[in-house]
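Report on the following structure.
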Amino acid sequence: MTTQGSAIEKEPKKEKINVSAKIIADISSGIYRTPANALKELISNSFDADATRVIINTGYPQFDVITCSDDGKGMDKDGFIKYMGHIGGSFKRAGGKDITRLGRPIIGKIGIGILSIAQICKKFTVISSEGNGRKFEATIDLTDFHTNDAYKKNVGDINIGTYVPYELPEERGRHYTKIILEEIKDDFKNKLIESENRDKVVLDYKYGGKGNLDPKRFKSFIERLNGSKRIRDLTEYERLTWELSSIIPVRYLDDGPVREWGGLKRIRDELKDFNFSVLIDGLELKKPVLFPTDKRIKKRGVDYKIYDDIGFDEEVDGSRLKFEGYIFYQRTRIIPPELQGILVRINNVAIGFYDKSFLNYPKPEGPKMAQVSAEIYITEGLEDALNIDRNSFNESDHHFLKLQEVLFNRLGGKRGVFPDIRRTSKERMLAKREKEEVGEYHKLEKRIKEVFGKEFTIAKMNERNERPIAVDFNNSRVIIYENPIFPRKKSERKYLEKILISLELANLQTSSKKELYNDFYDLISKESQ
Amino acid sequence: MKNGVATRLEIEKRKRENQDHSRDVIKHYVRVKGWVECAKRRLESIREKKTDGYVRYFTLCGENAMDVFLFEKHNLVYFDGRGFPDVVFCEKDLEIFESIRRILKRGGGDFLGEFEEVVFRPEFAKLFPFDIFNLDFTRNCFPNHEQPFSKTMSSIVKIIEEQGKKDSDFDLFVTFRAERSRENQTAIAQLRENMEKNLGEVAAIKEEFVQKYGDKGLDRLLNKDYGRFLFVTFPKLIVRFGNNSHFTVSCSHEYQYSRRYTHSTTGHKCHYKIIKFIFSFKYVHVAGSIVQEVPRRPQILGSNYIEETKHSIKMEPVDVCLELDRSPCLKAKYEKEIEELIRKIKAEEF
């Protein structure tokens, strides 16, 4: 190991971490609602640090220690001290920079990501190196955060913990950040452990046994969920995996988000170009979106549709709002139901989870809402509408209102998605009905041939006629006309149609009453077999 | 030192003094000749009961977890595509812990902390039984700052007891640093006294000992060849602990090699010995009273103690450096294998 500056400096002083009480109050109120949301912030930091790989280990099955490491540009001691001294005042975008060195759009904005950890543990250590032959290490003790009245105070600064920043030698060229979370909070840990005792639904599935890491394993996980499971029924551990994969800026599965669809190319290429992978306990995460989620659904345009023309790029109240996305519809309910609704991503990171209300779409669309899933990628704007938790929006923000307007119009406008779904649905029903009717008449045609030895085709006319049934001997046709005699109920009408056709044909084909009865019953009985 | 506790900088300094021995051919010799061979035998016996079974392994593996990857190469531990579900490790150093975790991915459990403390945690007890324990300690068996019956010894006893509760046969690999000046002298005196007692009470043991080391052999070993003194006296302890938990114990292999270091305060070149043992534990069930021919458990265990004490006197530990010097081909082969393993492991490094 080649290290620079093997001499180790003298013991550094303990530093205090002060944070604005307002921020702490917001964080304490549980803004990182799920474990996945807390971990999302760490992953976002790695993304902003131009990491290509993030490895998270939950410490399964004990969950005593959680580690998150990345190969990003790292941080030095001074940078860390500066960061800890300015929590809530990120300098990632200092100088108006909105992209990283590798050209990634910067996710972090206000610099509170690291505090998301406080929701999970009472102590954590950061070890980081910029590749300059030095590394720093600091263990952050959050005892003050958990014991002080941080929750109650609303003004000024609060001391939330302490740390001692060490600077130590490191191999030149190695750059990374490792975060080790200890003293995991009991509620978080117990949830994961308890769920371990429940029936494991998916992740314990053997992924082909011995061998190298199988990149298809995540797909296999998703395929097992699709069409059969609700995410909320999974174990907490599995749920963490799924939720995390849906909100972080990783790429789609090779054939996602919709099988055999080449759309969303720009976004998919961009995600690929980021070259950013996240592994949780040895499982590489991809976006868990793979439509259609129902195996019976195959025909595009009939069984499912993709509306890929969602796009907007205009100035809204003096600032640019730009987004693109897609809306997917399938003729059956989307399962897992957690994929129903709309997911808005800013700089590729999801804001909350799928919103089933479609950003409060005002019209009642009934079960159709459960057949639609959409993703919107915001590439510019809307960030000011983000609440501090980065999981919800300030709904009176101009950009948000514009997004709503565009979305509602696309969903419910004259040529909107829901009217189109209604049309498609109706067409499909009619086609289905027609197919069924043709099938029914075909059976009767076969019986007629068996009884009389002659072929007749049965046709239905929408015109009204005094006689409901007419036989055209010259063209070997039996015509059914509209007539009030026919009941409204489909099955009853069918049955009456059959009786009348049988009676007409028997009457025309036979000379004696006896034969007529025989032929009639023959037709009816054979028909009913 | 601050209030008797080493500061972070002191720990880092010590860490750097302790070179990374994972690439060491000497160490690899023991991995291959000792650990792998023993694990293969253990797997055979596992497969007699369960045809698709694998070794359930606890290790103090160190930064590169070479032993785990070597076992995987020999198909001894199971890799399920996400990690090693039957491998559990413990590491006290935060950074090394993170590194091991990263390369082993999802395991059967991992513990951050001193093994001697971890072994008493209730969540650790839940993971028993194991098929193999690899306690590759980098420290002395009886450190001078601890009680004569060291925490390390207590932890070994705890393992044996827990395995005993599960009636489960297993192997135990133990590695220590043998450097008399760093040992607890009371503990050493007790070991000596105990051996003296055995020599006085059991003629068969005395005969074996005198034949090999002579009448005054015990003191000579203690003063001139401390490593050999431990080779003679330490297995007895393990056998006794095993017997107490109804196991017969046999020490199948012993290895030794020297390491050099520069004393941190005097700057003198010093050396110490690394000594390694491989023990096999077989649980003795209570014999049915009708089968008179089968010796009763106390008899089996009693004779095991005497036989093993004789065996450890007679046994010649393998001098690893000497063996490697004799066989340059083997050395080259191991170097190649180490490189291959390291390449695989480093693929996971940042």
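Quick note on labels: first sequence line is chain A, next is B, and so on, each numbered from 1.
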- Task: Answer with side chain, backbone, both or neither: which region of Leu104(B) has an atom nearer than 4.5 Å to a non-hydrogen atom of chain A?
- Result: neither
- Task: Side chain from CB out, backbone as N, CA, C, O: work out which of these in Asp64(A) comes under 4.5 Å of a heavy atom of chain B, or both, or neither.
- Result: side chain
- Item | side-chain contact (heavy atoms from CB on, under 4.5 Å) against Asp78(A), all qualifying residues, sequence neighbours excluded | Asp76(A)
- Side chain from CB out, backbone as N, CA, C, O: work out which of these in Thr52(A) comes under 4.5 Å of a heavy atom of chain B, or both, or neither. neither
- Report yes or no: is the cationic atom of Arg251(A) (NZ for Lys, CZ for Arg) under 6.0 Å from the centre of the six-membered ring of Phe276(A), at an angle within 45° of the ring normal? no
- Message: Can you list everything that forms a side-chain contact (heavy atoms from CB on, under 4.5 Å) with Val118(B)? Sequence neighbours excluded, please.
- Response: Cys90(B), Phe111(B), Arg121(B), Phe124(B)
- Query: Where do Lys135(A) and Ile127(A) land on the side-chain contact (heavy atoms from CB on, under 4.5 Å) test, with the steps shown first?
  - Reply: CA-CA 7 Å; Lys135(A) 67 178 174 184; Ile127(A) 305 170; 4.2 Å; yes
